[in-house]
Amino acid sequence: MAAIYSLYIINKSGGLIFYKDYGSAGRMDTNDSLRLASLWHSMHAISQQLSPISGCFGIELLQADTFDLHCFQSLTGTKFFVVCEPGTPHMENLLKHIYELYTDYVLKNPFYEMEMPIRCELFDISLAQAVQKERVSLLGR
Amino acid sequence: MAPAAPKSGDVIFASVDRVNAELFTLTYGAIVRQLITDLEEVEEVNKQLDQMGYNIGVRLVDEFLAKSSVSRCVDFRETADVIAKVGFKMFLGVTASVTNWDADGTTCSLILEDNPLVDFVELPDTCQGLHYCNILSGVVRGALEMVSMKTEVTWLRDMLRGDDVFELQVKLLKQVPEEYPYKDDE
Amino acid sequence: MATFLPQFQSIKSSFAHIVLSVEDVSDLWPTIKKGFEERLPFKRASLNNKTRNPVLVDELPAEFILTTDARLRSRFPQEQSLFWFREPYATIVLVTCEDLDEFKNILKPRLKLIVQNDEREWFIVYVSKAPAHNDQATKMAKKVYAKLEVDFSSKKRERCCKLDIHGPDPNFWEDLEAKIMECIRNTLDRRIQFYEEEIRKLSEQRFMPVWNFCNFFILKESLAFMFEIAHLHEDALREYDELELCYLETVNMAGKQKDFGGVEKGDDQATLLDSGKKALAQIVQDDSFREFEFRQYLFACQAKLLFKLKRPFEVASRGYSFIISFSGALALRESMLPFCMREVWVITACLALIAATVSNYEDGLAAPDVEKEFYRVQGELHTLCHTKFMRLGHLVGYGSDIERSPVNSASLSMLPWPKPAVWPPLPPDASSEVLAKEKMILQESPRLKHFGIQRKPLPLEPSVLLREANRRRASLSAGNMSDLFDGRPSSGDGDSSGTPSAVQKVSNVSMSRTLSSPGNFDGSIDRPMRLAEIFVAAEHALRNTISDADLWKSLSSVEEFEQKYLDLSKGAANNYHRSWWKRHGVVLDGEIAAVHHKHENYDLAANLYEKVCALYAGEGWENLLAEVLPNLAECQKILNDQAGYLSSCVKLLSLDKGLFLPKERQAFQSEVVRLAHSEMEHPVPLDVSSLITFSSNQGPPLELCDGDPGTLTVALWSGFPDDITLESLSVMLTATNSTDEGAKAIKSSEAIVLRPGRNNITVSLPPQKPGSYVLGALTGQIGQLRFRSHSFSKGGPVDTDDFMSFEKPTRPVLKVARPRSLVDLAAAVSSALLMNETQWVGIIVKPINYSLKDAVLHIDTGPGLSIAEKHEIEIEKHEFGANNTGLDNPPDNHSPVSADVKQLSLEDGKINLPDWTSNITSVLWIPLKAISHGLAEGTPAGTVPQRQSIVDGLRTIALRLDFGVSHNQTFEKTVAVHFTDPFHVTTRVADKCSDGTLLLQVILQSQVKASLTISDAWLDLQDGFAHTGKGDGRPVSKFFPLIVSSKSRAGILFSICVVDTPAKDEGKELDPISILNIRYTISGDRNLGAHSPVTKELTGPENETDPLTFRSALILQRPVLDPCFAVGFLPLPSNGLRVGQLVTMNWRVERLKDSGKDVDSDDLDEVLYEVNVNSENWMVAGRKRGYTSLSTKQGSRIVISILCLPLIAGYVRPPQLGLPDVDKANISCNPPGPHLVCVLPPAFSSSYCVPAA
Amino acid sequence: MVREVSESCVESLLAEIVLSYCSGFYANKPELAARRIEAIGFQVGHQLSERYTMDRPRFTDNLEAIKFICKDFWSELFKKQIDNLKTNHRGTFVLQDNRFRWLAHMSIDPSVQASGNIQDPSAMAENKSAQATGMHLYFPCGIIRGALSNLGIECAVSADISNLPACSFVIRIKA
Amino acid sequence: MIVCLAVVGHENNPLYIQSFTESDDALKLHHIVHCSLDVIDERVNNPKKSSPTINEAFLGLLYPTENYKVYGYLTNTKVKFILVTTDLDIRDADVRNFFRKFHAAYVDAVSNPFHVPGKRITSRTFGERVSTIVKSFGLSSAS
């Protein structure tokens, strides 16, 4: 059955502000994840440049033989991306949903400082549920 | 990805959690009053309100984008329109109208006939010069800045000062392009 | 049936209690009467009330009447039924009989006959006359009685009882009473039933034409009366209530218009407490009664019962509402009633009710709250009476004596004028009275208030009386008056909008106008009456209406009127005070006060006024307060209560500005000021918080440094209408951080004038403790008067309702910084300056953001240093760039006189710094000359230059800077300046030529940070040396001018040769030293260090023309020519020297030639040696100095070895071996010892001994 | 039709109050900031109680007033009632809201919950984040106090979040 | 007609007092209003005497005088509204709902953030609203 491996949130300046592993094979350490984040940030930017016609907003789906990477960038420049089993559907919706959770439990948390790493218990909880829910809905289909 | 069709302000407003307006109105009133007491100079209060508004806008814009799935606006005109029709509605439950576009479409006015902030409010003579609703201008400025539009927001008309409507002038200073962090790669 | 009324009345009046008939069958009554009547009145009778509930009547009066009595003669049946209440309630049959047969045959039938009428409640009392001792008789009696019982008693009812005259048994009487009670109860029940039945029947046909109230009334009242005599007052009362209800419902049923009544003489006196005043018969009116009397009658009955029930308070409250409603009824009939009937009736009613209730009331009769209520109603009654009374007084012309207060205005101006059908006409021959009234009107003048306050007097009239009256008159005639006056259409009743100006005046004017055109009217009737006439007319009319002498008396004269007025006010006030309605009471006190005031009992007045003011002030009713306070003030003034008067004035000033005219407020102020400057015996501190408020004015707080005084500006808001002069003013400051009491900022006590509104006052601050301060309180003086104000307002006048004025001051107005350094003094130049020359010494004066305005610098030069007095001191802006400018740039760039250089002169060691330097870092140039006597000494090359020179180069300048506002700050510092010679000189013999010529190399080391130009140099040699070549002592080669730049060195060669020292015999002293003379010029920048000496003229660069001369002493050693000894330094161990490691130093001493005769013989073979060593660097183990034997043979040699210990690491001079006894000239050092040896630092963990410190 | 606005408007405002007073002008004086924030709440409560008691009979005793706060007042504010009301019958009332909306979006680190009553200074001193959370609770406390004082009940109100997400408000009525 | 309308604070201080007579003798109305506080105090202090609907805000008729009537209304926040009218036949129901309207206006007035509790109500809007309410009352009672 399809699985979500991990979730990343990158702030507008390419810093990794959230990383959660949902049981991927090799959980990477902080440095790696940070590096990877900024790398992705750049790639995403480059990809926009690559586009032959203007008005491209960067990579949304990156498919590899072992995983899919779905990326969603909010208009405010925050990037959310999930790494999941190849062909896991409904990832856009999941990302949108996560975005909403982000606004509710991160941005509305007065203790959260903008652009800083996210440490919000409630966010984690609701994320876990969201991912769960996603599974359930998949099974349903 | 294909942007979901932007919902109308009313639909969104119906969907979000809501509270009695008077709680909001009175709370804001109390804040203003307290600020005046503490800062003493009206100008300071205006500044503070604008600052608070800015801070709010910076965070609120994301909620706005997330919940009203508005897609990327092609230009400032469209942005202004979305703010007026969707943004104001979604949060304040009232819609604004956009007018007074200048030639090159970088300056316009948001007109509010109805404004929950000022229910019950009457400015005392000692507080002339106070932009009671200055928090709104801050919010707009902050929100737009997050979608990389530097703006200058000023009050042109204020019902508390006897005008017939609230007029908020939004002036687009510059549109900051997303900068590409190549240097990170080297 | 109504025909029975008179009879009914008389019965009622004659008849007061229950009747018990006695059927005295066997003439026993006279004998037992006494015993029976002793039982009366019955105690604790238990009856049934109307609702069949048992009621305990604790006292029931009754009367025994023999059936033979005339009063019980039988009447007409319907009478009986009607007045049944007076029929016996029980029939007691008295019998006695000793003989059975007699009983059977005579008595029994007779009794049967008696008791057959079942209407009656009866029982039999058997009286036995049998004497106690006579058993026979008693037995018989018992028998008979038994028989009697058998015959007359039944199971359900015991109808007999037995009384023994002799030996009466106690329980007979109980038995008797019980029986009587039983009878009464039953009778009562039956009769109640009967009446109710009747009443029901009647009330059924109530709405039919046959309905007759009188019948109904008679039944009802009979019933009520029956209850009353049975002491069932509650029930009686209820009957009357129902009766009243029914009456009110029926009395004004549509259709037949009834006569109201109240037109008879004396009707004006209320009879609401006197039911017997008029016979009911007189007030019958076909089938009912006249309302006027009858309602009063009913109330009277109710009142009577209520009093019996000990409920006077209920009488009062019922009475009050009765009066109100009845007065309403009167109002409806007003046109038919006598003039002012209504008012008069109400007055009398109130008075009567008050009198009655009070007399029936004793304290503690009722629960506290009922009691309070009672007094409230009393108050209301008084007030009502008061009002009506004032109205009457007003009508007869005493209006001007009624205080035009809010109270009276409220009660009178909303109360319409009486509306008689026709206004009473002016009686004939009243002209004299009219004149009197006229005079009264003309004399009366509105009493003007204190402080010349003038107000439109409050209206007492609902509308202009004149117009009202004349209209009512004219309403008959054709011409309606309303257009005669410029009047508006007749004002509706009860509207309070009459023009409330001084009516009399206005109307008089209008009158005179109307009189001037008499054509309009024919006949005096239609001529509009003048006010005076109206008064007189009213008076006459009233005289007709009022039958009560007292009331009339109290209206007869102003004095009487006022007396009554006062009594009523007092009555009302006192009662209110004992009720819940305190305010009513206090307000009325105000009315009383007004009267006292008028009669100049200022003491009483003041006390009462104070209460009123306290009330209004306490609850913040300023408009009302503004009405009373001036009066209080006036009283206080007259009573010479200065303190009170003062505070009243202040209160008046602090009331809302709108309440008084400017000139009035000015009057208040002038009073305050007057008092303040007068000699008050008990001066009181005045609280003007409400008048003068203060606030810090906008902007950042004043910042002061520790110990600085300052001036603080405070905004004062003056509530005074005019400028006011404060003899002194001081502001308290409270420290926010510390709790200790606030410091005080005293305004220099010269007077300040406060303008109305905002004033900016600057107060001078003495130095404060560090911390931040907020405004505390304000104190000061007006005249001799001290005042305080606590009210802080954030920039608003006192009375703004702006919420800010309630905030305590939060923003500090003053911040005193912790002590810190405010300025720094430092030497501008660190490098050395020229010794013995006048040099600019720069002192950098650096204010640390603190102004040095008119600071003074004291300069005190230390020893060996002097100020070149003749020179000006210079000051210039200090630019930091100056330091890094190299030496090479031409000096004139930094010539002393640059654009912003100023000259200062020094008076007795002090300099005043100019203002332009007060906030910038400046440098002060002082021309100084360091003196050092004694010649510089050159040293042989290689020898370490001794520190010595630096030390004697040091000079110090003690500086003290006095600055700060009023020079309270000082800063002291001693700066060190270093002086030096231009060069340090070292010499060595560069070469030794075969011909004995020596090349002497002189090395000049520049000591200064400036470039030196040597123009010439020559050497004056000591004895034993001579210049070779042309002996001018100049160097070998001429390469002058020679430029020595900063810190660099230059060498000069002299070629000299050794010459024999002149023989001793030429008695002249040998010159031991040779002098090197150097002529040079210096070009330096005083910003960097040494520079050309300060010359007289300060302008222009220093002139090259007169170079300076530097002389240095040199000591040359003659080379060894005929050595007798050779001292050789043997090489050190290879492993080198180490601190703390012993090392043996070896010297070889060799005799080069036999000691000639010239050597003393005694110590031929001995040589004295000495080790010279710097004990700081070396420790010498063993002897430093000693003799060692050495044969006199030539070539004999010896090794002297000394054990040494190096103490410090580095290159140090090794110890040197010398032979003190031998002339240096005869010693050759061969091989010579090294100048320096290297000593390594100690090896780790090697212990070594440390020199004693 | 009662007028409404988005809840996040109010939430943002509250966050900003705390922000501007605590990190703004009273950064170094938390107790002052607290007083200001409480004052703001007080005014709001004062005015709201005036409004929400409009069509109801007067309260005869304190308990009635408190109940009013728990029921009508609370549901006007949060669309729910107080879940649990305790009292010691000696003038102390504890109103517990099992899920206090104004904390719904705040992730408070557990250390706070350890330090229970946020308004006794000792706890305040205890750790920074406790203080921070405390700041957010002064406003609702102020509201309650304002409402009650307008109903003629002078009291002190403190909040306790020792068992989140429940939040209980402790009302001590001045005798 | 309504002669006078007053708001009295919980410390019995006048917060708003407006008379509707064209004459300038408002002082007597001040007096009437002030004194009617006695009645309110009485009602409040010993409730058992007060009207059956014990804690209803509407206190009903305070004063039965011959020439004018005073009605009272006491809010939960111990603020009193006092109405003085000269028309003597007037239905309680009318007064009741008059007060209700007035109360609403009052609440809005004190909701002005710049209004200081316990201080005079200076708001213009309030004044206007009140006068319209008063007018409408005149109509309703006339009908």
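Proteins get letters first, then strands, A, B, ... in listed order; numbering begins at 1 in each.
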Checklist line | Residues of residues 144-154 of chain D contacting chain E, heavy-atom criterion under 4.5 Å, by residue number | finding: Asn150(D), Leu151(D)
Next item on the list: Any chance you could lay out the side chain to side chain contact (heavy atoms under 4.5 Å, CB included) test for Ile2(E) and Val84(E), step after step, and finish with the verdict?
Entry: CA-CA 6 Å; Ile2(E) 291 181; Val84(E) 185; over 6 Å; no
Check: Which bit of Gln43(D) comes within less than 4.5 Å of chain E, counting heavy atoms only: side chain, backbone, both or neither?
Finding: side chain
Notebook entry, point to check: Between Ser8(D) and Glu11(D), is there a donor-acceptor pair closer than 3.5 Å when you use the side chain of the first and the backbone of the second?
Noted result: no
Checklist line | Under 3.5 Å side-chain donor-acceptor pair for Gln96(D) and Asn98(D) | finding: yes
Next item on the list: Report the residue from Phe68(D), Tyr52(D), Phe59(D) that forms a side-chain contact (heavy atoms from CB on, under 4.5 Å) with Asn76(E).
Entry: Phe59(D)
Item checked: Contacts of residues 102-111 of chain E with chain D (heavy atom under 4.5 Å) -> His103(E), Ala104(E), Tyr106(E), Val107(E), Asp108(E), Val110(E), Ser111(E)
Item checked: Proximity breakdown for Phe99(E) and chain D, heavy-atom pairs closer than 4.5 Å -> neither
Next item on the list: Answer yes if the side chains of Lys80(E) and Asn12(E) hold a donor-acceptor pair under 3.5 Å, and no otherwise.
Entry: yes
Margin query: Salt bridge check, Arg58(D) against Glu64(D): does any charged N sit closer than 4.0 Å to a carboxylate O?
Written below: no
Item checked: Asn97(E) side chain vs Arg100(E) backbone, donor-acceptor pair below 3.5 Å -> no
Notebook entry, point to check: Looking only at atom types and distance, does a side-chain atom of Arg43(E) sit under 3.5 Å from a main-chain N or O of Leu59(E), one as donor and one as acceptor?
Noted result: yes
Notebook entry, point to check: Quick check: are there more than 12 heavy atoms from other residues, nucleotides or ligands sitting under 6.0 Å from NZ of Lys101(E)?
Noted result: yes
Next item on the list: Measure from the side-chain N and O atoms of Ser75(D) to the backbone N and O of Lys79(D), and report whether any donor-acceptor pair falls under 3.5 Å.
Entry: no
